[in-house]
Amino acid sequence: MIVKQGVTAWERVQLARGKNRPHAMDYISSIFDSFMELRGDRVYGDDRAVIGGIASIGKRYVTVIGQQKGRSLKENQHRNFGMMNPEGYRKALRLIRQADKFHRPVILFVDTPGAFCGVEAEERGQGEAIAQNLFELSGVQVPVLSIVVGEGGSGGALALAMGNEVWMMENAVYSVLSPEGFAAILWKDGTRVAEAAEAMKITAQDLKDLGVIEKIIPESFPADKDYMQALSGKLRDEILDFLRRYQDKTGDQIKEERYDRFRRLGTPGQEMDGIF
C-alpha cells in the first residue's frame, strides 16, 4: 500500500495546506521543458488564481492549466488564495477550447479550497462558469489529465477535474467540503474536524479504493517546493506515459472513455457513501 500507516486524514489535510507545499507553477517549471503563459478570458479580465498556457514535454506540446496559491500574505492576496473567480474558469475554458482545436492534450493541476464565493463572483456568473467548464470538458476530443496536488475543494476543483484520468499526490485531499465545514454543518461542532476528515473519505487512498481516482503519486517525504527535482522526476515520467497511452486513440475514443469513466462513478449500487 502506497499510503503510509499512522497518518490520519486530518494530518493529510494539514500537509495538503502546508506553506511549503509545491503549487502549480512549481510543478510546471520543473516538469515541463518550456512554458508560455496565456492570460485573460476575453470577457472580463485575468484571474491570477489560475495559470495557463502552452508547454512542451519531451517532443510533445500540451496545454497546462493550474490553480495557483501564494505563500506569503501578499502573494495569497494576489492569487486570491487559489480561489478562482468566473473569469478564471472562463480563461481555463478558453485554453481548453484552443487545445481541442489544435489537438493538444490538456494537463490540469488542481489545488484550491474552493471557488471564490464572494458577491462579485456570483454577480459575474460563478455557477454558470463552473457548469460550462464541466459541460465542455466532457466533450473535448483530446486526452485530459487532472492531478490533485494539494487541496481539491468542491466544485471549484471539479471544474478542472473532468479528466480521462484523475490522479492525486499521496498527501493531497479531494472532497465536496472542507472538514471544518462538514463538522460545523453536520454536528454544529467545529472542534470535530479530525473526525470529519476521517468520515468524509477524502484522502488519496480512500478515493483510490472507491474508484474515484486512477493513480496515487507517492511522496517518499511530504512534498516540499525545495525538493522539486526528486518529486517532479517521477511525475514527469508518469505524464509522459499518459501521453503515450493516448497518442494513437481517436478523438471519439478519448471522449467516449471519459464519458464512460464518469458514468461508472454514478452506477446504481456502487458504494459511494462518504464522498459526495
Side-chain angles (χ1 to χ4, degrees), residues 1-23 49 67 69-71 73 76 80-84 109-118 126-127 130 146-162 166-225 231 262 264-276:
M1 190 166 85
I2 291 174
V3 176
K4 298 170 183 61
Q5 300 291 333
V7 182
T8 68
W10 177 240
E11 286 171 336
R12 296 207 188 275
V13 172
Q14 293 172 306
L15 288 170
R17 296 171 177 173
K19 183 178 179 181
N20 249 23
R21 192 165 181 87
H23 299 317
Q67 292 162 323
K69 294 179 179 178
R71 290 195 168 87
L73 177 59
N76 267 314
N80 200 33
F81 296 83
M83 297 183 292
M84 292 165 63
F109 291 96
V110 177
D111 186 14
T112 181
F116 186 56
C117 57
Q126 185 74 291
I130 292 172
S146 297
I147 308 171
V148 184
V149 296
E151 288 185 278
S154 193
L158 187 61
L160 295 187
M162 184 68 72
V166 179
W167 302 350
M168 286 178 68
M169 300 299 296
E170 183 179 351
N171 290 312
V173 293
Y174 186 26
S175 66
V176 70
L177 183 66
S178 70
E180 294 92 337
F182 183 99
I185 293 171
L186 188 64
W187 297 316
K188 305 295 188 295
D189 184 355
T191 67
R192 297 174 67 179
V193 290
E195 185 181 351
E198 293 290 345
M200 293 171 73
K201 307 296 184 186
I202 62 178
T203 69
Q205 191 64 56
D206 287 332
L207 297 174
K208 180 70 165 58
D209 291 343
L210 289 163
V212 175
I213 66 170
E214 280 71 29
K215 191 186 293 289
I216 299 172
I217 305 300
E219 299 178 36
S220 55
F221 47 84
D224 189 295
K225 71 178 182 63
L231 184 64
F262 283 92
R264 285 196 303 272
L265 295 180
T267 301
Q270 183 172 356
E271 180 57 57
M272 298 291 285
D273 290 343
I275 308 173
F276 302 118

Got a sec, which residues hit side chain to side chain contact (heavy atoms under 4.5 Å, CB included) with Gln126, two or more places apart in sequence or on another chain? Pro86, Tyr89, Ala115, Phe116, Ala121, Glu122, Ile130
Mind checking side chain to side chain contact (heavy atoms under 4.5 Å, CB included) for Ala9 and listing every partner two or more places apart, or none if nothing turns up? Ala197, Glu198, Thr203
Tell me, yes or no, whether the heavy-atom count around Lys215 atom NZ, taken from other residues, nucleotides or ligands under 6.0 Å, exceeds 12. yes
Quick one, Met169 and Leu231 - any side-chain contact, counting heavy atoms below 4.5 Å? yes
Between the CG atom in Leu186 and the CD atom in Glu195, the distance rounded to the nearest 0.5 Å is 9.0 Å
Scanning both residues in full, the closest heavy-atom pair of Ala49 with Gly82 reads CB-C, 4.0 Å
How many angstroms lie between atom CH2 of Trp10 and atom CZ of Arg192, to the nearest 0.5 angstrom? 14.5 Å
Between Asn76 and Gly70, the two heavy atoms sitting closest are OD1-N, 3.0 Å
If I compare all heavy atoms of Ala16 with all of Gly150, which pair ends up nearest, and what's the gap? CB-O, 3.7 Å
Within this structure, what is the CG-NZ distance for the pair Asn80 and Lys69, rounded to the nearest 0.5 Å? 12.0 Å
Side-chain donor/acceptor of Arg12 to backbone N/O of Asn171, under 3.5 Å: no
Would you name the heavy atoms of Val148 and Val173 that are closest together and state the gap between them? CG1-O, 3.6 Å
Interatomic distance, Met168 atom CE to Glu219 atom CD [nearest 0.5 angstrom]: 10.0 Å
Report the distance from atom CD1 of Ile147 to atom CG of Asp111, rounding to the nearest 0.5 Å. 12.0 Å
Test your reading of the model: is there a side-chain donor-acceptor pair from Arg21 to the backbone of Val149, 3.5 Å cut-off? yes
Is there a donor-acceptor contact under 3.5 Å from the side chain of Ser146 to the main chain of Leu160? yes
In chain order, what residues pass the side chain to side chain contact (heavy atoms under 4.5 Å, CB included) check against Ile185, with sequence neighbours excluded? Leu177
Say you draw a straight line from NE2 of His23 to CZ of Arg71; how long is it, rounded to the nearest 0.5 Å? 4.0 Å
Donor-acceptor check, side chain of Gln67 to backbone of Gly156, threshold 3.5 angstrom: yes or no? yes
Any salt bridge (charged side-chain N to carboxylate O under 4.0 Å, His left out) pairs touching residues 176-189, not counting sequence neighbours? Arg17-Glu180
Verify, without hydrogens or angle tests, whether Glu151 (side chain) and Thr112 (backbone) share a donor-acceptor contact under 3.5 angstrom. no
Shortest non-hydrogen contact from Ala161 to Phe262? O-CZ, 3.6 Å
